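No experiment lies behind these values; they were computed from the predicted model shown. Note that these values count all heavy atoms, side chains included, but never hydrogens, waters or copies made by symmetry.
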Amino acid sequence: MLDLVIIGAGPAGLTAAIYAARAQMNAVIIENHIAGGQIATTGAVDNYPGMPGVQGLVMAEQFRTHAEQMGAHFQRGQVTGIENSGTVKKILLADGEPLTTKAVIAATGAVPRSLGMPGEEALRGNGVSYCAMCDGAFFYGKRVCVVGGGDTAVEDAFSLSRQASEVILIHRRDSLRAQKAHAARVLGIPNVSARWNAVVTEILSEGGRVSGVRVQDVKNHKEEILPVDGVFIAVGMAPETGFLRPLGIVDEYGYVQAGEDCRTAVPGLFAAGDLRRKAVRQIVTAAADGASAIRSVQAYLELLEI
Ligand code: NAP
């Protein structure tokens with residue numbers, strides 16, 4: 001039986017794999033498509049210490065190579081469920097024999113929801129972003145828009161207002177869903193304006209970079225082009241936690257309820273990275289979770305031996 005199965009090979013899972021290898025655990029890390037998670041499809045990453053401007057895919061490969069060099073064991077597969085019988089956990093795979101293990105770290109992450117509009121996918125990383133904290137610094141003195149009306153959109157507009165020359169909040173209703181005080185504060189900032197009752201129907205480009213958005217008024221259906229250099233999409237996140245739902249540890253938004261020590265309410269099951277309910281979702285915080293989770297796994301395995 002394995003000591004540990006780590007599900008997901010993003011920054012949290014790969015960091016956990018490095019720490020597990022160093023702790024000489026009998027562990028397997030399951031990767032679905034390619035290693036790296038969200039970073040593998042990210043353009044330049046400018047906020048991870050020691051790697052300024054690194055391309056996301058390069059960073060993902062470096063993380064994976066590091067884990068491999070430390071002795072991490074990778075297995076390809078898609079986890080469909082976890083059967084929990086107390087001290088033994090069975091990891092069910094779409095293809096292949098189940099794995100039995102003493103402990104599990106779920107590190108499958110969360111993906112930002114997309115708008116599904118023309119231009120969005122092609123311009124991802126070239127003006128289309130899903131993370132103001134990650135990419136805002138690329139838009140100093142530029143004109144940007146934020147799509148969405150929740151707390152994330154408001155926080156994004158707030159932080160971008162300090163970097164961009166102008167921020168246009170585009171929302172499909174005439175008021176924000178975000179907390180009232182935050183919403184009022186952001187709308188009072190001189191370089192932030194709102195385009196109400198409007199949806200983005202197309203993201204436009206020039207020379208391979210975003211040049212504007214086509215917006216449609218949802219009431220009178222009139223279209224208009226807003227010239228912008230960046231489009232920040234903040235229409236919610238989708239945590240990859242479907243396989244954890246039967247265990248009762250997932251909240252109403254799909255996030256796993258686990259504290260800073262990454263322990264869930266199920267003994268022996270830990271959650272690390274963006275799928276965990278937390279305030280800051282960054283590569284550096286996901287990696288930190290990977291380390292914290294291993295410390296908790298170690299304590300759990302020691303208890304099993306008593
Ligand atoms: P959210 O609250 O689900 O808001 C998503 C927003 O995107 C909504 O305004 C929604 O419009 C809009 N939207 C969804 N699909 C769209 C589409 N296809 N086209 C245009 N607009 C679309 O997501 P969130 O802002 O990421 O927040 C998620 C959770 O985290 C919330 O509970 C939030 O309170 C919490 N959060 C808290 C903080 C904080 O407390 N500091 C910060 C960030 C997030 P409608 O309003 O019309 O549905």
Side-chain angles (χ1 to χ4, degrees), residues 10-12 15 36-60 63 107 109-115 120 123-171 176-179 181-183 185-187 189 191-192 203 210 228-240 253-255 260 272-290 292:
T15 305
Q38 270 190 75
I39 52 170
T41 55
T42 302
V45 177
D46 230 0
N47 56 4
Y48 194 84
M51 297 188 189
V54 64
Q55 286 298 305
L57 189 58
V58 172
M59 187 183 205
F63 273 30
V111 287
R113 291 186 210 282
S114 61
L115 290 174
E120 182 178 2
L123 294 163
R124 206 183 171 122
N126 284 306
V128 171
S129 170
Y130 299 84
C131 178
M133 192 188 267
C134 317
D135 299 329
F138 296 120
F139 294 87
Y140 269 105
K142 298 194 170 172
R143 193 175 194 235
V144 301
C145 66
V146 176
V147 185
D151 283 309
T152 304
V154 162
E155 273 191 1
D156 286 1
F158 190 75
S159 67
L160 288 165
S161 71
R162 299 196 208 117
Q163 298 163 320
S165 60
E166 188 181 345
V167 181
I168 308 163
L169 199 51
I170 302 174
H171 185 35
L176 298 170
R177 168 198 287 268
Q179 297 167 52
H182 292 171
R185 205 162 132 234
V186 85
L187 293 172
I189 298 172
N191 65 340
V192 176
I203 300 175
V210 166
V228 289
D229 304 295
V231 182
F232 287 83
I233 297 169
V235 297
M237 297 282 286
E240 307 260 12
Y253 301 108
Y255 291 106
E260 290 296 310
D274 284 7
L275 85 177
R276 188 167 75 77
R277 204 154 108 174
K278 52 161 49 181
V280 182
R281 294 195 173 84
Q282 293 286 290
I283 302 170
V284 74
T285 58
D289 270 12
S292 301

Heavy-atom closest pair, residues [X] and [Y]:
| X | Y | answer |
| --- | --- | --- |
| G230 | V210 | N-CG1, 4.2 Å |
| A272 | G290 | CB-N, 4.2 Å |
| V154 | A178 | CG2-CB, 3.5 Å |
| R113 | Y130 | O-CE2, 3.7 Å |
| P11 | G36 | CD-O, 3.6 Å |
| A234 | D156 | CB-OD2, 3.7 Å |

If you apply the rule side chain to side chain contact (heavy atoms under 4.5 Å, CB included), what do you find for Q163 with F138, and how did you get there? CA-CA 9 Å; Q163 298 163 320; F138 296 120; over 6 Å; no
Do [X] and [Y] make a side-chain contact, defined as non-hydrogen atoms from C-beta onward lying under 4.5 Å apart?
| X | Y | answer |
| --- | --- | --- |
| V167 | I189 | no |
| P49 | V284 | yes |
| N47 | C134 | yes |
| T152 | M237 | no |
| V146 | L169 | yes |
| V54 | Y48 | no |

Quick one: does any side-chain atom of [X] pair with a main-chain N or O of [Y] as donor and acceptor, under 3.5 Å?
| X | Y | value |
| --- | --- | --- |
| R281 | R276 | yes |
| T285 | V280 | yes |
| D289 | G273 | yes |
| D46 | P52 | no |
| D274 | V111 | no |

Nearest 0.5 Å please: distance from the [atom1] atom of [X] over to the [atom2] atom of [Y].
| X | Y | atom1 | atom2 | result |
| --- | --- | --- | --- | --- |
| M59 | I39 | CE | CD1 | 5.0 Å |
| Q282 | C131 | CD | SG | 4.5 Å |
| S129 | L160 | OG | CG | 8.5 Å |
| R143 | D229 | CZ | CG | 9.0 Å |
| E260 | K278 | CD | NZ | 7.5 Å |
| H171 | C145 | NE2 | SG | 14.0 Å |

Run R185 and Q179 through side chain to side chain contact (heavy atoms under 4.5 Å, CB included) and show every step you take. CA-CA 10 Å; R185 205 162 132 234; Q179 297 167 52; over 6 Å; no
Let me see the working for M51 and V45 under side chain to side chain contact (heavy atoms under 4.5 Å, CB included), right down to the final yes or no. CA-CA 8 Å; M51 297 188 189; V45 177; over 6 Å; no
Report the C-alpha separation of L115 and V235 in whole Å, then their side-chain angles, then the decisive distance to 0.1 Å, and conclude whether the side chain to side chain contact (heavy atoms under 4.5 Å, CB included) test is met. CA-CA 8 Å; L115 290 174; V235 297; 3.9 Å; yes
